[in-house]
Student: 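Sharing a structure with you now.
Reckoned from all heavy atoms, side chains included, excluding hydrogens, waters and symmetry mates. Each ligand, and each atom within it, is numbered from 1 in the order the structure gives. These numbers come from a predicted model, not from an experiment. In this chain, residues are counted from 1 in sequence order.
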Amino acid sequence: MSTRGWPNILITGTPGTGKTTHAAQLVEALQQHAETSSAPWQHLNVGDFVKEKGCHSGWNEEWQSWDVDEDKLLDELELVQGAGAKVLDWHTCDLFPERWIDLVVVLRCDHSQLWNRLEKRGYKLNKIQENNDAEIMEVVLNDARESYAEEIVVVLQSETPDQMEENVGRIIQWVTAWRENNADDEDEA
Ligand code: ADP
């Protein structure tokens, strides 16, 4: 049983699979859904959080990304995760302690569609290639399976708006079930 009143959800996947779009839509839907609207849902884009809190040792020109200071990031996130009702969105998942996370959603996308999305985003060729290879090799999915209990890892396709809507609906159903289970545990305690 969790000590949190509301779960923390991690949305992960290769860059371009739809994490930020899903997280934003999910938080909006959770804020509107009758059974979940009482919680202070927050979308925590970990990439933005790294920038805001200065959890990095500088900009990496080759990879066009911040070199993350993982210890500092974990210290800063520790301060906010305890309250629950967080939707974390990040492209790696093996950094967070298991105790922080109640559901891990791994988004998947066909690799040629992913290539187009990353090209549109203006990524350099090396970065597109690296991410495309990672999606084909299921790197994030394997990390998620190695880092968390099997029953909390869910794999969802993210290729169409309809799939996104369906995914958001499934996660909301999961949140309401989580609440019921935790309320049962509290009754039995
Ligand atoms: P990530 O946060 O994983 O890097 P984004 O949420 O920024 O990915 O999505 C990358 C691009 O792909 C955006 O233009 C977004 O609109 C599009 N996209 C993501 N998921 C879907 C989907 N299920 N259907 C259609 N377009 C999508």
Side-chain angles (χ1 to χ4, degrees), residues 8-33 41-53 55-56 59-68 70 73 76-77 80-81 85-96 100-101 103-145 147-148 152-175:
N8 286 329
I9 300 165
L10 171 61
I11 301 190
T12 190
T14 308
T17 48
K19 299 178 296 294
T20 300
T21 316
H22 270 78
Q25 290 200 8
L26 175 62
V27 164
E28 204 183 315
L30 285 163
Q31 285 167 342
Q32 288 168 7
H33 188 77
W41 292 102
Q42 192 187 354
H43 175 186
L44 225 162
N45 179 317
V46 178
D48 290 347
F49 189 85
V50 163
K51 243 184 295 173
E52 279 161 28
K53 302 282 181 185
C55 306
H56 59 79
W59 179 251
N60 187 316
E61 205 40 59
E62 187 187 355
W63 290 103
Q64 299 285 301
S65 62
W66 298 101
D67 283 328
V68 176
E70 294 187 347
L73 174 60
E76 292 286 351
L77 280 174
V80 294
Q81 61 75 33
K86 300 285 181 292
V87 178
L88 291 102
D89 137 28
W90 212 28
H91 55 87
T92 59
C93 60
D94 50 358
L95 178 65
F96 310 117
W100 288 7
I101 308 291
L103 178 71
V104 181
V105 176
V106 182
L107 295 178
R108 301 300 313 274
C109 179
D110 165 72
H111 67 91
S112 52
Q113 191 176 145
L114 186 68
W115 188 287
N116 292 338
R117 287 182 189 173
L118 296 178
E119 215 166 33
K120 260 196 208 150
R121 194 181 262 183
Y123 274 17
K124 288 183 176 173
L125 190 59
N126 62 341
K127 204 166 165 179
I128 299 178
Q129 185 77 59
E130 164 109 356
N131 284 311
N132 212 57
D133 288 351
E135 182 62 13
I136 293 167
M137 305 281 287
E138 306 190 323
V139 171
V140 179
L141 177 58
N142 290 331
D143 285 349
R145 288 190 168 139
S147 307
Y148 299 94
I152 72 159
V153 178
V154 177
V155 184
L156 298 175
Q157 285 304 117
S158 171
E159 283 152 16
T160 65
D162 281 355
Q163 282 175 342
M164 187 146 34
E165 198 180 325
E166 198 181 314
N167 294 341
V168 166
R170 282 185 61 180
I171 300 169
I172 289 182
Q173 271 181 11
W174 177 91
V175 170

Student: Test your reading of the structure: does T160 have an N or O sitting under 3.5 Å from an N or O of ligand 1?
Tutor: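 Yes.
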Student: Mind checking whether Q163 has a heavy atom under 4.0 Å from ligand 1?
Tutor: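 The answer is no, since Q163 has no heavy atom less than 4.0 Å from ligand 1.
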Student: Got a second to check how far R117's CZ is from T17's OG1, nearest 0.5 Å?
Tutor: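 Interatomic distance, R117 CZ to T17 OG1, rounded to 0.5 Å: 7.5 Å.
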Student: Any salt bridge between E138 and R108, counting N to O under 4.0 Å?
Tutor: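 Yes, this pair counts.
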Student: Just jot down the ligand 1 atoms closer than 4.0 angstrom to any heavy atom of T21, in number order.
Tutor: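 Near T21, the atoms of ligand 1 are 5 (P), 6 (O), 9 (O), 15 (C).
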Student: Is a side-chain donor-acceptor pair under 3.5 Å present for T20 with D89?
Tutor: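 Yes, side-chain donor-acceptor contact under 3.5 Å.
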Student: Among all protein heavy atoms in this structure, tell me which lies nearest to atom 20 (N) of ligand 1, with the distance rounded to 0.1 Å.
Tutor: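 Result: S158 OG, 3.0 Å.
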Student: With a 4.0 Å cut-off on heavy atoms, is G13 in contact with ligand 1?
Tutor: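 It does not, in that no heavy atom of G13 comes within the 4.0 Å cut-off of ligand 1.
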Student: Nearest to atom 18 (N) of ligand 1, what protein heavy atom do you find, and at what distance?
Tutor: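 Nearest protein contact, heavy atoms only, for atom 18 (N) of ligand 1 is R117 CZ, 3.5 Å.
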Student: Please determine if G16 has a nitrogen or oxygen closer than 3.5 Å to a nitrogen or oxygen of ligand 1.
Tutor: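 N/O-N/O distance under 3.5 Å: yes.
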Student: As an exercise, state the distance from CG of L118 to OH of Y123, rounded to the nearest 0.5 Å.
Tutor: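 The distance works out to 6.0 Å.
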Student: Any idea how W59 and W66 line up, ring-wise: parallel (<30°), tilted (30 to 60°), or perpendicular (>60°)?
Tutor: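 Rings of W59 and W66: perpendicular, over 60°.
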Student: Quick one: does H111's side chain get under 4.5 Å of W115's, heavy atoms only?
Tutor: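 No, side chains not in contact.
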Student: Students should be able to answer this: which protein heavy-atom is nearest to atom 8 (O) of ligand 1, and at what distance?
Tutor: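 Of every protein heavy atom, G18 N, 3.1 Å lies nearest to atom 8 (O) of ligand 1.
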Student: Please identify which atoms of ligand 1 are closer than 4.0 Å to at least one heavy atom of P15.
Tutor: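 Going through ligand 1 atom by atom, the ones under 4.0 Å from P15 are 4 (O).
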Student: Which value, rounded to the nearest 0.5 Å, describes the distance between W174 atom CH2 and L103 atom CG?
Tutor: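 With rounding to 0.5 Å, CH2 (W174) is 4.5 Å from CG (L103).
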Student: Please round to the nearest 0.5 Å and tell me the distance separating atom NZ of K19 and atom CG of N45.
Tutor: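 Rounded to the nearest 0.5 Å, the NZ-CG separation comes out at 9.0 Å.
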Student: At a 4.0 Å threshold, what atoms of ligand 1 neighbour a non-hydrogen atom of M164?
Tutor: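 What qualifies from ligand 1 is 21 (C), 22 (C), 23 (N).
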Student: If you scan the protein for heavy atoms around atom 4 (O) of ligand 1, do you find one that is closer than 4.0 Å?
Tutor: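 It does; a protein heavy atom is within 4.0 Å.
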Student: Which atoms from ligand 1 have a heavy atom of E159 less than 4.0 Å away?
Tutor: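 Result: 22 (C), 23 (N), 24 (N), 25 (C).
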Student: Would D89 count as being in polar contact with ligand 1, using the rule that some N or O on each side must be under 3.5 angstrom apart?
Tutor: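 Min N/O separation from ligand 1 is not below 3.5 Å for D89.
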Student: Can you measure from CG (L88) to CG (L95) and round to the nearest 0.5 angstrom?
Tutor: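 Going from CG on L88 over to CG on L95, the span is 10.5 Å.
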Student: Considering only protein heavy atoms, which is closest to atom 7 (O) of ligand 1, and at what distance to one decimal place?
Tutor: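 Nearest protein contact, heavy atoms only, for atom 7 (O) of ligand 1 is R121 NH2, 2.7 Å.
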